[in-house]
Protein chains: 2
Amino acid sequence: MTDVAKSLNVSKTLVSMVLNNKGDEFGINQETQQRVLDKVKELNYKPNRIARGLRTGKSNLLGLIVSDISNPFYAKIARSVEDKVSKLGYNVIIASSDEDAKRESDLIQIMRDHQVDGLILSTTQTDNVDIKQMKKDGFPFVLIDRKVPRLDVNHVVVDNFKGGLQATEHLIKNGYKRIGLITISPSHLSTMKEREDGYKRALKENGVRFDKRLVAEVPFENLKEGVLGVLKSFMKPELAVQAVFVANNHVATACLEAAEQLGLRLPLDLAMVSFDDIELFRFCYPPVTAVAQPVGLIGDSAVDVLMDALKGLSETKKITLEPSLVIRKSCGEHLV
Amino acid sequence: MTDVAKSLNVSKTLVSMVLNNKGDEFGINQETQQRVLDKVKELNYKPNRIARGLRTGKSNLLGLIVSDISNPFYAKIARSVEDKVSKLGYNVIIASSDEDAKRESDLIQIMRDHQVDGLILSTTQTDNVDIKQMKKDGFPFVLIDRKVPRLDVNHVVVDNFKGGLQATEHLIKNGYKRIGLITISPSHLSTMKEREDGYKRALKENGVRFDKRLVAEVPFENLKEGVLGVLKSFMKPELAVQAVFVANNHVATACLEAAEQLGLRLPLDLAMVSFDDIELFRFCYPPVTAVAQPVGLIGDSAVDVLMDALKGLSETKKITLEPSLVIRKSCGEHLV
DNA sequence: TTGAAAGCGCTAACAC
DNA sequence: GTGTTAGCGCTTTCAA
């Protein structure tokens, strides 16, 4: 910047003003402004955002923490976040926590050390210490996908209860009574909890007896084997499960695989509804019925909320989006 | 930092040294060091990385630019990059270019403005001005997935020619002679070009006549309709295509959809091999035969190469990874 | 073994 | 209309 200023015999201040579009505000000659702009081009000068950040206290960087960026659900959210914030002049640092609370905590710290201006995160924490800390510090952030109990913070989630309800009701309507549920640990996640609640409510409202042996939880780190084991036990005569509601796309895929290994024909031997709709579900055999989440909208809304928080608006925003059941053929629809 | 220093009656210098693990190097009392560390904890002091970055010229940030982070292929790469660099103390800014050269150029600029220490990118440029500029500036970067002709720069790619060759040969071995190819524009991409070359070579080596009417290119922005149109024309009696080799996972999905719309039964009416294997291909109907790319390894190697570049090692590294054909049932394997 | 001081590149308050 | 100056929070000579 000094170079530009010197070669024009003006001060750095002036250059800075022009570059920040504050030329008019400070009443600087149009001609002078143009000269600055030209010189900047000529010297191919690029402002150093780090220096600017040091001075302004802003980095124009936002953080996004999800459990796994290679999960299509989060990848789509990431994409919509990126699209939206880039229009607003921000960039985004993305990281995966692997459902590990410690790792998540570290990531939050690292991102804050990097002076991100705000954070969008899908938390896996159970004690929420970091969330509380951020709130206490007045640091701008939005929770997505998962909310935390009893804490007044911004969030953008979908109505998991309703999704679980719809999915299970659909199964019941199609004539299934022995309906299993496979969730994923950590089980404290609000999403899993609510989907389970929806499942239970659907059973209750439709007079289907709840059997707790039909609810299984498999560990995130060991999905495939976990699901295989669960399916095996579900198939035993004493349980005689006819249909499963699986709690997310990973479990659905694992379930498809396990069914294949066990020689189960879907939906004849076992019907399945998934939570999370992903593109290829449509072309699976059988096409997978799933509760679709408005992924694009989640990212979009999260950015909206975060932008408000960045502006210092203090009321917390809690947004709940609607899921929708996409009916295909994995629940014996053709039999009805 | 001043707070820590003052409350301990030492200088900022000393605190800085201790925090950067240079205490011993400068021969500072163990006891003093411990006092500093304790105080830092007590005051919950966090170093400001922006300020440090301004001083050291390093941001500990790396950039990753791909065409679309929600494409599973890139999402997996992103994940492996993230995993690897986080162990090395870096974070990564991710952005999508949408195969738009201008956007890519802007992104490179933005990331460099953010003082990223290095860049990993899957370029879509045809003139490579930005690539040349980075090389000229001595800025550390690695190309992934796609290489650029006649330019001596780091890259990590897979052998697309071989992949195309294998895929097409497989089709030929299964008895197909009228084999279509669907690539995706921008067609100058090295990947597309090489896959096409592999396709041509396979035909030649196996004495199948090349018919240029069987090579189609659909625009990235308008895939679904494009593929539908292509499939329609391929089905005309004068072309009588029996099998297609599709150039990536998006085209494969679009092809699945178009086939459904046209009432084509795979592989009876049309066989298909895809480039890019994605998890659910296994469970599609029919399960999709595909050329799998070592996604994890691409990310991993790219980071290795970038780290060397960061250290100032100047020889350029060009890594070519091996693809592998995963045979399922979309090419009439059961008929053979 | 420790500290003073300069300065990274920029912005903003305050002159003139 | 334009320039001077004082930092932002840190690291790194250099001196003691």
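A note on names: the letters A, B, ... follow the listed sequences, proteins ahead of strands, and every chain is numbered from 1. Values in this document were obtained by computation on a predicted structure and should not be read as measured data.
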Spacing between A/R49 atom CZ and D/dC8 atom C1', to the nearest angstrom: 17 Å
Quick test of your reading of the model: are B/R79 and B/D83 salt-bridged, counting only N-O distances below 4.0 Å? yes
Rounded to the nearest Å, what distance is computed from the CG atom of residue A/L14 to the P atom of nucleotide C/dA13? 17 Å
Sidechain N-carboxylate O distance under 4.0 Å for A/D3, A/K39: no
How long is the line joining CZ of B/R35 and C1' of C/dT2, in whole Å? 12 Å
Between D/dC10 (P) and B/K58 (NZ): distance, integer Å: 18 Å
Quick one: does A/V92's side chain get under 4.5 Å of A/K84's, heavy atoms only? no
Pairing of B/D38 and B/R35 as salt bridge, 4.0 angstrom limit: no
Under 4.0 Å protein heavy-atom contact, by nucleotide of nucleotides 11-16 of chain D - B base, S sugar-phosphate only: BB----
B/R112 with B/D137: basic N within carboxylate O range, under 4.0 Å: yes
Would A/E104 and A/T123 count as a side-chain hydrogen bond (donor to acceptor under 3.5 Å, both in side chains) here? Give the steps. CA-CA 8 Å; A/E104 177 183 325; A/T123 185; 2.6 Å; yes
Considering every strand and a 4.0 Å limit on heavy-atom distances, what is the contact class for B/D24: base, sugar-phosphate, or nothing? nothing
In whole angstrom, give the distance that lies between atom CD1 of A/I28 and atom C1' of C/dA12. 13 Å
Whole-Å distance separating the CD atom of A/E25 from the C1' atom of C/dA12: 11 Å
Value in whole Å for how far the P atom of C/dG9 lies from CZ of B/R112: 15 Å
Pick base, sugar-phosphate or nothing for B/T32, based on heavy-atom distances below 4.0 Å to the nucleic acid. sugar-phosphate
Of B/A51 and B/N9, whose nearest nucleotide on DNA chain C comes first from the 5' end? B/N9
Salt bridge flag under 4.0 Å for residues A/K132 and A/D127: no
From CG of B/D3 across to P of D/dC10 the rounded distance in Å is 10 Å
Look at A/N29 and D/dT2 and indicate whether a side-chain polar atom (N or O) is within less than 4.0 Å of OP1 or OP2. yes
Checking all strands, does B/L54 fall into the base, sugar-phosphate, or nothing category for heavy-atom contacts under 4.0 angstrom? base
